[in-house]
Amino acid sequence: MPLTLQVFLYGLVTALATGLGAVPFAFARSISPKAVAQAHAIASGLMLGASFGLLAEGTQYGSWQTMVGAVVGVVFILLTEVVLRRQDVGFGRVRGAGARRMLLVMIVMTVHSFSEGVAVGVSFGGGMTLALVIVLAIAIHNIPEGLAISAVLRPEGVGVWRCAGWSVVSSLPQPLMAVPAFLLVETFSRMLPYGIGFAAGAMVFMVFEEILPEAYHDERRHPVAVTVTVTLLAMLVFQQYL
Amino acid sequence: MPSASPSASRSGRSSGGALPAIDLPASAATVAPTLDLTLLVLLYSTVAAAAAALGAVPLVWRARPSVRWIGWANALAAGLMIGAAYALMVVGLVKIPWSGIVGALLGVVFVNRTHSASGTADLDLNRLEETTPEYGYQVLLINILHSAAEGIAIGVAMAVSLPFGVFMALAIAVHNVPEAMVLCAILTARGVSLRDAATLAVASNVSQILLAIVAFALVTAAPMLLPWALGFAVGALIYLVMAELLPECYRQAGRTSIAVVTIVAMGIVLLLVSLGA
């Protein structure tokens with residue numbers, strides 16, 4: 001099998017792993033308003049933790065580039081919001097604010113996957129063993145990302161299988177980006193800090209703008225604060241030890 | 001240059017003669033840095049606490065700020081605090097050990113429990129209108145507990161390195177200004193004079209000075225406590241943002257403006273940290 005095809009297939013494996021994030025929702029029976037609030041709190045904690053990890057990683061490649069990327073990420077979400085507000089957006093059967101939130105999560109997580117795909121591709125330049133370790137690491141990292149997506153989609157009435165499907169879709173840029181990144185390692189590794197910063201800025205902004213307020217809406221603030229802080233810490237541990 | 005002085009004192013010891021005269025400053029020099037540092041912790045945490053007085057300044061022109069301004073002040077304080085928590089994590093812990101995580105969970109438990117114990121878990125912290133008579137005291141109590149966690153952050157950061165400690169103290173000082181503005185607005189709405197409100201805002205931050213010195217002394221005496229204390233501060237700060245600062249913001253001003261203020265404040269701290277690190 002040619003190496004380029006292998007890179008693509010490994011990228012596909014990491015994308016499929018994202019779908020596993022929907023699994024916990026197969027066991028949740030009823031969705032009460034409080035459960036919805038907690039799901040949003042979980043998504044907030046996971047995304048904040050992921051962004052902290054991304055920012056720390058990005059600054060190792062270059063502080064300024066990461067910060068520039070982050071500012072662009074925030075502006076990107078602001079503009080996307082403005083565009084989505086003007087239109088009557090629909091996501092499946094959902095309309096209005098819920099649909100806008102779902103669409104935003106999908107957009108942010110999909111764009112975020114581009115830099116992960118680049119990371120997969122670039123890692124193949126450093127030998128097979130290292131590449132496999134990184135592929136495995138990114139595949140495992142994708143599971144909580146799928147969880148975050150499902151935590152936003154599921155309360156709006158999207159079925160578990162569809163949640164898994166959308167999670168995988170959000171990661172499809174990974175196999176697509178892995179191949180060009182592998183072929184043009186030099187160029188892509190220089191772009192990596194911008195991409196990482198962009199993903200972090202976009203995620204943090206989306207948490208404060210869309211997801212966290214939803215969490216406070218239907219649940220008292222201390223239970224929300226416990227969930228957000230503990231999932232954030234769990235995400236940090238997860239990123240570091242897996 | 002620094003390597004010259006120990007060898008000089010060693011040769012001074014072997015030759016005898018003016019031994020006490022040379023040895024005394026040498027031994028004093030080993031004590032002096034920590035003593036000086038403790039004084040610096042005192043100085044900088046006092047500056048941070050005193051900065052709260054500036055929170056009263058906007059109220060000179062406008063006795064009762066609009067609800068949106070209260071929301072933005074809270075968002076500003078929240079963003080600076082998340083930035084500070086990130087700084088503690090990245091600069092202090094680099095790779096987070098298990099002790100840091102356990103410390104962080106203890107920080108969460110600490111803030112959560114103190115709120116339940118003082119019966120303030122469901123208290124709306126930004127009421128300017130009619131409230132119960134004890135409301136003012138409850139808000140003051142929350143501010144005192146809130147400042148305690150910030151004090152630990154300053155003290156621990158000082159133990160990591162002096163520049164980082166100064167940075168943390170200044171970040172907390174700036175954070176104290178919008179926070180004190182909200183507190184002063186609540187107190188003046190309850191009939192407290194602006195000068196008394198400013199005094200109370202500073203007084204509620206005295207716990208910050210005490211905890212900064214205690215945390216610094218503890219961590220300097222037992223360096224193995226450093227990851228625990230750093231983790232504790234990180235967990236407590238993030239929890240405070242999520243439980244005290246952000247929840248009411250979203251009802252006071254638009255989501256987008258709250259998110260922009262929070263992320264800009266956070267971004268400034270992050271930029272300074274990543275450029276310094």
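Only a predicted model underlies this, so the values are computations on that prediction, with no experimental measurement involved. Per chain, numbering begins at 1; letters A, B, ... match sequence-line order.
In terms of heavy atoms, A:Thr229 sits closest to B:Gly235 at CG2-O, 3.9 Å. Heavy atoms only, all atoms of each residue included: B:Val90 and A:Ala56 are closest at CG2-CB, 4.2 Å.
Rounding to the nearest 0.5 Å places CG of B:Leu246 at 6.0 Å from CG of A:Leu212. Within the model, atoms OG of A:Ser51 and CD1 of B:Ile82 stand 10.5 Å from one another, a figure rounded to the nearest 0.5 Å. Atom CE of A:Met67 is separated from atom CG of B:Leu270 by 4.5 Å, given to the nearest 0.5 angstrom.
Under a 4.0 Å N-O distance rule, the pair A:Arg221/B:Glu248 qualifies as a salt bridge.
No part of A:Val71 comes within reach of chain B, as not one of its non-hydrogen atoms sits under 4.5 angstrom from that chain. Contact annotation for B:Leu240: neither backbone nor side-chain heavy atoms come within less than 4.5 Å of a heavy atom of chain A. With a threshold of 4.5 angstrom between heavy atoms, B:Thr262 approaches chain A through side-chain atoms but not through N, CA, C or O. Contacts between B:Ile258 and chain A at a heavy-atom distance below 4.5 Å are absent for every atom of the residue. A:Leu236 touches chain B through its side chain: at least one heavy atom from C-beta onward sits under 4.5 Å away, while N, CA, C and O do not.
At least one side-chain heavy atom of B:Met266 sits under 4.5 Å from a side-chain heavy atom of A:Phe208. You'll find the side chain of B:Val260 reaches within 4.5 Å of the side chain of A:Phe205, heavy atoms only. B:Met242 is not listed as a side-chain neighbour of A:Val224, based on a closest heavy-atom distance of 4.5 Å or more.
Note on ring orientation: taking the six-membered ring where Trp is involved, the planes of A:Phe52 and B:Tyr86 are perpendicular (angle over 60°, cut-offs 30° and 60°).
Chain B forms the most heavy-atom pairs under 4.5 Å with one residue out of A:Glu209, A:Glu210, A:Met206, and that residue is A:Glu209.
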